[in-house]
Amino acid sequence: MSESVISVENLVKLYGDLRAVDDISFEVRTGEVFAFLGPNGAGKTTTVEIIETIRNATSGKVLIFGMDVRKNRTEIIKRIGVLPQEFSSFDRLTVEETVRYFAALFESDCDVQHLINLVNLGKHRNQLYTNLSGGLKQRVGIAVALVNDPEIVFLDEPTTGLDPRARHDVWDVINGLKKEGKTVFLTTHYMEEAEVLADTVAIISRGRIISTGSPSELIDKHSTSIHVTIKGGMGISSVAEAMGLQWEAKNGGSVVMEARDNEQILEIMMRLKEKNIGYDSIDIRKANLEEVFLKLTGEGLSGGGGH
Amino acid sequence: MNSRRIAANFNANIRGFYRNKATVFFVVLFPILLMLLFGMIFQDTGENMGPLYIQDMDGGVHSEALINALNSSGVFDVKLVEPGTDADSYITAHHVNTFIVIPEGFSDSVNMRFLNRSLPAANITILYDPGNSAAQQKIGVITQIINGMNMAYSGSQPFVGIDAVPSVSDDYKYIDFFAPGIIAMSVMTSSLFGTVGMNIELRQKGILRKLATTPITRSEWLVSNILYQFIMAMISFTAIILVGVVIFGLKPHLNGYLFLFIILEVFAFSGIGMLITRFVRDADGAQAAANAIMFPMMFLSGTFFPVEMMPDLLQKVARLLPLYYVNEGLRSAMVDMNLNTIIESAVVIGVFGVVVFILGVLLTSWKED
């Protein structure tokens, strides 16, 4: 295990009586993609902004690169890159001018063309920011977050509001960052995003971290059943009945049953064979993060606080 | 303070300016339009006062002499009204503001007065609109012309004469007094609304939050914005001076004091703009607050007419307004070079500007709660 680059201890943020962040502790290791997963209003952005030094905590301790965020703002912001939530930039600067502007603020002599190509904006370099689509704007934001060659990149909801195609483009860029060895701190309320990108996921709800681990660890730890979906002829449901499993008939003539473990899966197969029941396909799948999340928090991801 | 960051932010602002039609309009075209409009309104005001309606019921030698005198003064377009017409309905129908009635028997009365000096003067009647300032001015001129007639008829020589000499050198026109007011107003508008607009826009779009994660400091950002507002002010200034010189024959005295006042004004109104956006968080409210500050100032500070024309109370109010001192100072610098006025105004607006600006810097922050 590599060393931790961000360390958060007992972080609390109060807004009046509201405990926006309620005693959170976690660590982020160098080089990993760390995802904060939770619905809107869970306290993700507040926590991230405290780590980014632009918001003050009520209590608790936050260290980046071993430095206290309260005391070392100047040093810290030179070494991190930030894509804020709902990033926006100057309407009347072109893509290239925007990247150059932020590079100048960091006194960085980075290769602007390289950055623009990295986020696939080569064709749009001379377009005004205001004329770009949402996905392209987000990619400008990511390029801008990289002008100082940061060791940690913070991406706050980088794909919210993007269509699936644009979302996958952003994911490609994030995977590229990981390959370059950068630490990525991602906040998202998209399950799939965390599952696809993250090495470590912290599930956050109502200001608290409920569970932490890799996506597969979380699923192993919290899922209690395996979905067995069998599509085929008559009599499939009788197998589930005979074994006392929960089952449900789905559209298209398939039956989903909930197996507890591999033993039960084998038993299902045996019974199918004994009774000579035919089938077109069998799909065996563990629960996904969405189900784990629902189970842990009792709330949906995209619901909750709204925007 | 890092000059590369200041320059980068300044460049971004300048690009945002010339790529935005609305800001170009307000900084360049709006002051030009104001100059053209007011320049034309006040052009040659001393020459012609418009129509003067005269109904001559007398038709005698003296009424004719009076009409001739009024006519040859060149101040009026004399229009004769038929003696049979009803004066009141004629005035209403033709929107007349000044109407002279020379009564029947006027010439006879004058002749009698020649013979017997103890008789009362022969009167004419002037019907006028008391709410119309042009009518008041016309009556003033008519009185002068009639005084001239009286002197000639009585054969006396004046005891007191007037030798009117302009207190400022050369032959200044109204435009020379008006241009400094337009400059002061344009600089106020662009600094105030420029600062309010920029702060609101950057905050609403979350650009300020992004800037807070970069090394640019608030003071670097402010310096570059002040520099930008000053350039905007100089663009408005140049446009106004050019229109004044080319179209209206303005003779501006360009000197260091002028630029001093423009710099101080930029500081003062950018500072007010910063304070507004600090306390009024939503966009519409901030614009309304800026308007509420700007409009009374525009009319009370002597931009369009001299402060001395207002009642005492309003004159006292005017002396509390920062724009008044900019107007006074700029006018002195551009017209009569009264050093006392220049220094006094510069001190007042300078102290005000520094205080407001420092308050703005101290009270605003990028950091969220």
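Atom set for the values below is all heavy atoms of this structure, side chains included, hydrogens, waters and symmetry mates excluded. Chain naming here is simple, since letters A, B, ... match the order of the sequence lines and numbering starts at 1 in each. The structure displayed is predicted, hence computed values, not measured ones.
Residues Arg15(B) and Arg92(A) form no side-chain contact, since every pair of their non-hydrogen atoms from C-beta on lies 4.5 Å or further apart.
For Leu202(B), the part lying under 4.5 angstrom from a heavy atom of chain A is the side chain only. Only the side chain of Glu201(B) comes within contact range of chain A, with heavy atoms under 4.5 Å apart. In this structure, no portion of Asn11(B) lies under 4.5 Å from any heavy atom of chain A. Of the two parts of Asn148(A), neither the backbone nor the side chain holds a non-hydrogen atom closer than 4.5 Å to a non-hydrogen atom of chain B. At a 4.5 Å heavy-atom cutoff, Thr130(A) makes no contact with chain B through either its backbone or its side chain. At a 4.5 Å heavy-atom cutoff, Ile76(A) makes no contact with chain B through either its backbone or its side chain.
The two residues Lys210(B) and Val82(A) come nearest to each other via the heavy atoms NZ-O, 2.6 Å. Between Thr214(B) and Arg73(A), the shortest heavy-atom distance links the atoms O-NH2, 3.8 Å.
Within a 6.0 Å radius of CZ in Phe259(B), more than 12 heavy atoms belonging to other residues, nucleotides or ligands are found.
Considering CZ of Phe87(A) and NZ of Lys205(B), their distance stands at 10.0 Å, rounded to 0.5 Å. Here the CG-CG distance, from Asn13(B) to Leu93(A), works out to 9.0 Å after rounding to the nearest 0.5 Å. Atoms CZ and OG, from Arg209(B) and Ser88(A) in turn, are 10.0 Å apart once rounded to the nearest 0.5 Å. Here the straight-line distance linking atom CZ of Phe102(A) with atom OG1 of Thr213(B) works out to 7.5 Å at 0.5 Å rounding. In this structure, the separation between CZ on Phe90(A) and CD1 on Ile207(B) is 5.0 Å, given to the nearest 0.5 Å.
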Step-by-step side-chain contact (heavy atoms from CB on, under 4.5 Å) determination, Leu211(B) to Leu105(A): CA-CA 9 Å; Leu211(B) 289 178; Leu105(A) 296 191; 3.6 Å; yes
